[in-house]
Amino acid sequence: MNDGAILVVAARDCTHLTGRDYTLWGKAAPPLVWQFRPRAAVEEDEAWLQLIPYVVLRDERGAVWAYARRGGDGRLLGRHSVGVGGHIEVADRCTTLLDTARACARRELAEELAQPEAARLDPHPCGWIHERETAIGRVHLGLVFAARWTAPDPPQPKPGEPLAAVGFLPPAAVLTDDRFERWSRLAVRLLRAEA
């Protein structure tokens, strides 16, 4: 990570996105002002929202790919997820916020998934998610992307990644399984609302 800086937006500029669990893409303007700040300085500062591209892979039936976390952020350890994503780094920077987030999404897919097809996916934006109940949720804003997985084999984490594949699941199964992190359930609700 280039000097530890990540992309953030001022929380005061995002109240139209943080006042509800999710907002469909196109129903609210994205933040206009964004900047890179040292991650250590914003990790627990609720004045700044760390923007996280969160890519949900779907198969031809609309099932979502899930995995279990075996390492990484201790606050999420052991939880299940349907989103591949991470912090936007300086190296991801493009002209627009959407292009910057999409560049990060593609980088994260290439870094975390074993199949070369992952790097060629074209994720499209679906909307925003935010949760206010936890300390980790209050300092992050998710931009949910969806991508169609068409490769013959299901996605697999790269060797050494702290992820264990669960497989493709019906969205309803994610909503009723408490092992899934709250963001996964919010992302699935957003995708169902988009349909």
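Only a predicted model underlies this, so the values are computations on that prediction, with no experimental measurement involved.
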Q: Which atom pair, heavy atoms only, marks the closest approach of Arg12 to Thr15?
A: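 In terms of heavy atoms, the two residues are closest at O-CG2, 4.0 Å.
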Q: List the residues meeting side-chain contact (heavy atoms from CB on, under 4.5 Å) with Pro170, not counting sequence neighbours, and say none if there are none.
A: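 For Pro170, the residues satisfying side-chain contact (heavy atoms from CB on, under 4.5 Å) (neighbours in sequence not counted) are Ala173.
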Q: Membership question, hydrophobic clusters at under 4.5 Å side-chain separation (ILVMFWY): are Leu24 and Phe145 in the same one?
A: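 No, separate clusters.
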Q: Side chains of residues 185-195: which donor-acceptor partners sit under 3.5 Å, not counting sequence neighbours?
A:
{"residue": "Arg185", "atom": "NH1", "partner": "Phe180", "partner atom": "O", "Å": "2.5"}
{"residue": "Arg189", "atom": "NH1", "partner": "Asp21", "partner atom": "OD2", "Å": "3.3"}

Q: So Val56 and Val144, do their side chains get closer than 4.5 Å, heavy atoms only?
A: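 Heavy-atom side-chain distance check passes, below 4.5 Å.
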Q: Do Leu113 and Leu57 have side-chain heavy atoms sitting under 4.5 Å apart?
A: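 The answer is yes, as the side chains (C-beta and beyond) meet within the 4.5 Å cut-off.
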Q: Using modelled atom types and a 3.5 Å cut-off, is there a donor and acceptor pairing between side-chain atoms of Arg79 and backbone atoms of Asp178?
A: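 Pair found, side chain donor or acceptor close to backbone of Asp178.
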Q: Would you check if Leu98 and Pro125 make a side-chain contact, meaning some heavy-atom pair closer than 4.5 Å?
A: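 The answer is yes, as the side chains (C-beta and beyond) meet within the 4.5 Å cut-off.
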Q: Please report the interatomic distance CD(Glu43) to CD1(Ile136), rounded to the nearest 0.5 Å.
A: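 Atom-to-atom, Glu43:CD and Ile136:CD1 are 7.5 Å apart.
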Q: Of all the heavy-atom pairs spanning Ala110 and Lys158, show the shortest one and how long it is.
A: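 Minimum heavy-atom separation between Ala110 and Lys158: O-NZ, 2.7 Å.
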Q: Could you check if a side-chain atom of Ser81 sits within less than 4.5 angstrom of a side-chain atom of Arg69, using non-hydrogen atoms only?
A: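 Side chain of Ser81 against side chain of Arg69, heavy atoms only: contact under 4.5 Å found.
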Q: Would you compute the distance between atom CG of Leu51 and atom NE2 of His140 and round it to the nearest 0.5 angstrom?
A: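 Leu51 atom CG to His140 atom NE2 measures 10.0 Å (nearest 0.5 Å).
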Q: Determine the minimum heavy-atom distance between Ile88 and Ala101, stating which atoms define it.
A: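 Looks like CD1-CA, 3.9 Å.
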Q: Do Val9 and Leu17 belong together in a cluster built from hydrophobic side chains that touch within less than 4.5 Å?
A: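 Per the 4.5 Å side-chain linkage, Val9 and Leu17 are co-clustered.
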Q: Look up atom OG1 in Thr134 and atom CZ in Arg182, then write down how far apart they are to the nearest 0.5 Å.
A: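 Answer for the OG1-CZ pair, Thr134 versus Arg182, is 9.0 Å.
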Q: Return each pair, listed once, that meets side chain to side chain donor-acceptor pair (under 3.5 Å) where at least one residue sits in residues 23-33; pairs must be two or more places apart or across chains.
A: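 Found none.
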Q: Which pair of heavy atoms, one from Trp34 and one from Cys94, lies closest together, and at what distance?
A: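 Taking every non-hydrogen atom into account, CH2-O, 3.8 Å.
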Q: Does Trp128 reach the side chain of Pro31, with side-chain heavy atoms less than 4.5 Å apart?
A: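 A side-chain contact under 4.5 Å exists here.
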Q: How many angstroms lie between atom CG of Leu97 and atom CG of Leu143, to the nearest 0.5 angstrom?
A: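 CG of Leu143 is found 7.5 Å from CG of Leu97.
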Q: Can you tell me if His124 uses its side chain to pair, donor with acceptor, with the backbone of Ala146 under 3.5 Å?
A: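 It does hold such a pair.
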Q: What I'd like to find out is whether the side chain of Leu163 reaches to under 4.5 Å of the side chain of Glu112, using heavy atoms alone.
A: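 Yes, close enough: below the 4.5 Å cut-off.
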Q: Report yes if the side chains of Tyr22 and Arg20 come closer than 4.5 Å at any heavy-atom pair, otherwise no.
A: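 Answer no - side chains too far apart.
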Q: Can you see which heavy atom on Ala105 is nearest to which on Val55, and at what distance?
A: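 Minimum heavy-atom contact is CB-CG2, 3.5 Å.
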Q: What residues form a ring pair (Phe, Tyr, Trp, His ring centres under 6.0 Å) with Tyr54, not counting sequence neighbours?
A: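 In terms of ring pair (Phe, Tyr, Trp, His ring centres under 6.0 Å), with neighbours along the sequence ignored, Tyr54 is linked to Trp183.
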Q: Main chain of Pro154, side chain of Gln115: is a donor-acceptor contact present, judged purely on distance under 3.5 Å?
A: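 Yes, the answer is positive, given that a donor and an acceptor are paired below the 3.5 Å cut-off.
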Q: Does any N or O in the side chain of His16 come within less than 3.5 Å of the main-chain N or O of Ala29, such that one atom is a donor and the other an acceptor?
A: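 Confirmed, His16 side chain pairs with Ala29 backbone.
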Q: Please list, one pair per line, the donor and acceptor atoms closer than 3.5 Å that link side chains of residues 59-66 to other protein atoms, with sequence neighbours excluded.
A:
{"residue": "Asp59", "atom": "OD1", "partner": "Arg61", "partner atom": "N", "Å": "2.9"}
{"residue": "Asp59", "atom": "OD1", "partner": "Gly62", "partner atom": "N", "Å": "3.1"}
{"residue": "Asp59", "atom": "OD1", "partner": "Ala63", "partner atom": "N", "Å": "2.9"}
{"residue": "Asp59", "atom": "OD2", "partner": "Arg61", "partner atom": "NE", "Å": "3.3"}
{"residue": "Asp59", "atom": "OD2", "partner": "Arg61", "partner atom": "NH2", "Å": "2.5"}
{"residue": "Trp65", "atom": "NE1", "partner": "Pro155", "partner atom": "O", "Å": "3.3"}

Q: Taking Arg132 for the side chain and Thr18 for the main chain, is one N or O donor matched with an acceptor at less than 3.5 Å?
A: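 It does hold such a pair.
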Q: Could you pull out the closest heavy-atom pair between Ile52 and Gly85, with the gap in Å?
A: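 What the structure gives for the nearest pair is CG2-C, 4.5 Å.
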Q: What residues form a side-chain contact (heavy atoms from CB on, under 4.5 Å) with Arg106, not counting sequence neighbours?
A: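 side-chain contact (heavy atoms from CB on, under 4.5 Å) check on Arg106 returns Arg102, Asp122, Pro123.
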Q: If two hydrophobic side chains count as joined below 4.5 Å and joins carry through other members, does Trp48 share a cluster with Ile129?
A: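 Unlinked, Trp48 and Ile129 end up in two clusters.
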Q: Does Tyr67 use its side chain to pair, donor to acceptor, with the backbone of Gly83 at less than 3.5 Å?
A: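 Indeed, once roles are kept as given, a pair shorter than 3.5 Å links the two residues.
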Q: Could you tell me if the side chain of Val8 sits less than 4.5 Å from the side chain of Gln35, heavy atoms only?
A: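 A side-chain contact under 4.5 Å exists here.
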Q: How many angstroms lie between atom CG of Leu175 and atom OG of Ser184, to the nearest 0.5 angstrom?
A: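 Atom-to-atom, Leu175:CG and Ser184:OG are 10.0 Å apart.
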Q: Do the side chain of Gln50 and the main chain of Val42 share a donor and acceptor less than 3.5 angstrom apart?
A: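 Yes, the answer is positive, given that a donor and an acceptor are paired below the 3.5 Å cut-off.
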